[in-house]
Amino acid sequence: MKIVVLSFDQLSLHWLGCYGNLWLPTPNFDLIATQSTIFDRCYVETVNPEVTSHAWWDGSFRSLTGKSPDKASLFDLLNDFPVEVNLLAEGAAEDHRVPFLSEHHWNQIGEGDEGALVALIDAGVETIRQSATAGDSLLWLKGIGESSFEIPAIAWIEQVAEEEGLEPTEEMLTEWLVIMSQPELFAQLEIDQQQDLLEIFGAARIREIDEQVGRVWREIQSR
């Protein structure tokens, strides 16, 4: 059996069509949802993201000092079976607090902000290809999601803006990119202007993530 898990640390349900969003097209997420399993009952025990960001990997409660000793993690269980495990995470190692995973189980992909998501998907697609003739395997692709500081491609920003009835010029798009990459400039905008830009860039980021997720699904379907 081959299992591929897609997860994002921060990706609000309201962005995705498979969770009821009717505004923003997410065709690849929606297609995968119709042919796989959606996990929608994950609850955390604290609002501290450092403690909870990986709790759902092993189903155990954690304190700041460590994991609950009375529960085995997913990876503890997998060690008892001949399963090839590949955990690929977007971003630098210090962004991921997974002190209970053996080093041979996971790799961080995309050390910088720019291109990190594409690098993660590239690595995931290559892993799927290499494991096509192998035995049982688990590939877990862990992305950052909408909270990433990576600016979406300008083509997606332009497309979303046009769908919102705007007519963005090259000068306008350049100005938006400058503002969104410099927090001090963003802070000078009116609240409604901030909200408009956040919505446009957020939607563009989701469209970009959806496109990359589609690459994984197409690779799986081609095997």
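Computation of the quantities below employed the complete heavy-atom set of this structure, encompassing side-chain atoms and omitting hydrogens, waters and symmetry-equivalent molecules.
The distance from atom CD1 of Ile3 to atom OG of Ser36, rounded to the nearest 0.5 Å, is 12.0 Å. Between the CD atom in Glu158 and the CH2 atom in Trp176 there is a gap of 9.5 Å [rounded to 0.5 Å]. Ile154 CD1 to Leu173 CG: the interatomic distance, rounded to the nearest 0.5 Å, is 4.5 Å. Atom CZ in Phe29 sits 5.5 Å away from atom CG in Leu16 (nearest 0.5 Å). Atoms CD1 and CZ, on Ile144 and Phe8 in that order, are 10.5 Å from each other to the nearest 0.5 Å.
Of all heavy-atom pairs between Gly145 and Arg205, the closest is O-NE, 3.5 Å. When all heavy atoms are compared, the tightest approach of Ala203 to Val160 is CB-CG1, 3.8 Å. Residue Glu211 comes nearest to Arg218 through the heavy atom pair O-NH2, 4.2 Å, listed as atom of the first residue, atom of the second, then distance. Annotation for Glu162 and Pro168: closest pair CG-CD, 3.9 Å, computed over non-hydrogen atoms. Nearest heavy atom pair, residue Ile157 against residue Phe201, reads CD1-CE2, 3.5 Å. Taking every heavy atom of both residues into account, Leu198 and Met180 meet most closely at CD2-CE, 4.0 Å.
Taking the side chain as every heavy atom from C-beta outward, Ile220 and Val216 approach each other to under 4.5 Å. Put simply, the side chain of Leu139 reaches to within 4.5 Å of the side chain of Leu88, judged on heavy atoms. A heavy-atom distance below 4.5 Å is found between the side chains of Trp217 and Leu31.
In this structure, Glu190 places its CD atom where only 12 or fewer heavy-atom neighbours from other residues, nucleotides or ligands lie under 6.0 Å away. Under a cut-off of 6.0 angstrom, the local environment of CD in Glu171 is sparse, with at most 12 non-hydrogen atoms contributed by other residues, nucleotides or ligands. Atom CD of Glu167 has 12 or fewer neighbouring heavy atoms from other residues, nucleotides or ligands inside a 6.0 Å radius.
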For this session: In sequence, state the C-alpha distance, the side-chain angles, and the governing distance for Ile32 and Asp30, and then conclude on side chain to side chain contact (heavy atoms under 4.5 Å, CB included).
Result: CA-CA 5 Å; Ile32 294 173; Asp30 300 347; over 6 Å; no
Exercise. Run the side chain to side chain contact (heavy atoms under 4.5 Å, CB included) check on Glu170 and Glu175 step by step: do they pass?
Worked result: CA-CA 9 Å; Glu170 183 176 345; Glu175 182 181 359; over 6 Å; no
Problem set entry | Verdict with supporting geometry, Leu166 and Ile200, side chain to side chain contact (heavy atoms under 4.5 Å, CB included) | CA-CA 11 Å; Leu166 302 176; Ile200 291 173; 3.8 Å; yes
Exercise. Between Arg207 and Glu163, does a side chain to side chain contact (heavy atoms under 4.5 Å, CB included) hold up when you go through it step by step?
Worked result: CA-CA 13 Å; Arg207 296 287 285 273; Glu163 290 172 353; 3.1 Å; yes
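If you chain together hydrophobic residues whose side chains sit under 4.5 Å apart, Met172 and Trp156 never meet in one group. One hydrophobic cluster, built from ILVMFWY side chains closer than 4.5 Å, holds both Ile209 and Leu13.
Not one N or O on the side chain of Asn28 forms a donor-acceptor pair closer than 3.5 Å with the backbone of Val213. Judged by distance alone, the side chain of Glu208 and the main-chain N or O of Ala153 form a donor-acceptor pair under 3.5 Å.
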Between side-chain atoms of residues 116-132 and protein atoms elsewhere (two or more places apart, or another chain), which donor-acceptor pairs fall under 3.5 Å?
| from | atom 1 | to | atom 2 | distance (Å) |
| --- | --- | --- | --- | --- |
| Asp122 | OD1 | Arg215 | NH1 | 3.1 |
| Asp122 | OD1 | Arg215 | NH2 | 2.5 |
| Glu126 | OE2 | Gln130 | NE2 | 3.1 |
| Thr127 | OG1 | Ala123 | O | 2.8 |
| Arg129 | NE | Glu219 | OE1 | 3.3 |
| Arg129 | NE | Glu219 | OE2 | 3.2 |
| Arg129 | NH2 | Glu219 | OE1 | 3.3 |
| Ser131 | OG | Thr127 | O | 3.0 |
| Ser131 | OG | Ile128 | O | 3.3 |

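Defined by atom type and a distance below 3.5 Å, a donor-acceptor pair is missing between the side-chain atoms of Trp15 and Thr26. Looking at Glu164 and Trp23, their side chains do bring a donor and an acceptor atom within 3.5 Å of each other.
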